[in-house]
Amino acid sequence: MALVPYEEAAGVGLQKFHKPFATFSFANHTIRVRQDWRQLGVAAVVWDAAVVLSTYLEMGAVELRGCSAVELGAGTGLVSIVAALLGAHVTVTDRKVALEFLKSNIQANLPPHVQTNTVVKELTWGQNLESFSPGEFDLILGADIIYLEETFTDLLQTLEYLCNDHSVILLACRIRYERDNNFLAMMERQFTDTEN
């Protein structure tokens, strides 16, 4: 066993998580997302996968104008903000504890006319699904949501419930562990896989 002490502010690569704001440029807008690692941990920082997925959306990989989209485990809301700015009608979801934080980022970064096409809603995977219509969304988004193996079954159930036969699921994540590959194998058994 090894103990490697460090100071939070001095940790290599950790500084970005402890900054109160992260600033990005997407969809001809400057997006300034509030972060709060100390209060909400992983739900309140911008992960690299959110930046990658936002970039992918901005590149026009899918048609967003007028589509019905949902982001699962939205955290700071960066991906949802970008999708909304690009014309999607977005339902932004996370657990109840993160909703007020998430709403504040959405309100701070979306013009009022875009906010009317954006809804922040509680969603714990595998629970309260009846508050959504089955197959309601054209596009399901998720950034770095594949990390807790005990959530995989609930996440798959949620994806299946929210999808229709023509829905597109875009998940961005860094494959770190064998369990991540296990989740991808589970998805392939349930959905048609198109890797980009």
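- Put simply, the side chain of D48 does not reach to within 4.5 Å of the side chain of R174, judged on heavy atoms.
- Between the CG atom in L53 and the CD atom in E58 there is a gap of 12.0 Å [rounded to 0.5 Å].
- The side chain to side chain contact (heavy atoms under 4.5 Å, CB included) test applied to Q190 returns L156, E160, not counting sequence neighbours.
- Considering every non-hydrogen atom in both E130 and Y161, the closest pair reads CA-OH, 3.9 Å.
- To the nearest 0.5 Å, atom CG of residue N105 and atom CD1 of residue I31 are 10.5 Å apart.
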**Report entry** Trace of the side-chain contact (heavy atoms from CB on, under 4.5 Å) decision for V90 with I106
**Finding:** CA-CA 11 Å; V90 184; I106 297 294; over 6 Å; no
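- Residue pairs meeting the side-chain hydrogen bond (donor to acceptor under 3.5 Å, both in side chains) criterion with at least one member in residues 115-125, sequence neighbours excluded, are H89-N117.
- For Q39, the side chain to side chain contact (heavy atoms under 4.5 Å, CB included) partners two or more places apart in sequence, or in a different chain, are D36.
- Within the 4.5 Å cutoff, the side chain of D138 has no heavy atoms near those of the S167 side chain.
- For the pair T91 (side chain) and V119 (backbone), a donor-acceptor distance under 3.5 Å is absent.
- Using a 4.5 Å heavy-atom threshold, the side chains of L129 and L123 count as touching.
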Can you give the donor-acceptor pairs under 3.5 Å from side chains of residues 59-82 to other protein atoms, not counting sequence neighbours?
from : atom 1 : to   : atom 2 : distance (Å)
E63  : OE2    : R65  : N      : 3.0
S68  : OG     : E136 : O      : 3.4
E71  : OE1    : S80  : N      : 3.0
E71  : OE1    : S80  : OG     : 2.5

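- One finds the OH atom of Y56 at 11.0 Å from the CG atom of L141 (value rounded to the nearest 0.5 Å).
- Screening residues 89-106 for salt bridge (charged side-chain N to carboxylate O under 4.0 Å, His left out) gives E100-K103 as the qualifying pairs, with residues at least two apart or on separate chains.
- When side chains are defined from C-beta on, F191 counts as touching C163, because their heavy atoms get closer than 4.5 Å.
- The line from CZ of F152 to CG of D154 is 11.5 Å long, rounded to the nearest 0.5 Å.
- No chain of hydrophobic side-chain contacts below 4.5 Å, direct or via other Ile, Leu, Val, Met, Phe, Trp or Tyr residues, connects V52 to F26.
- Applying the salt bridge (charged side-chain N to carboxylate O under 4.0 Å, His left out) rule to pairs touching residues 24-35 yields nothing, sequence neighbours excluded.
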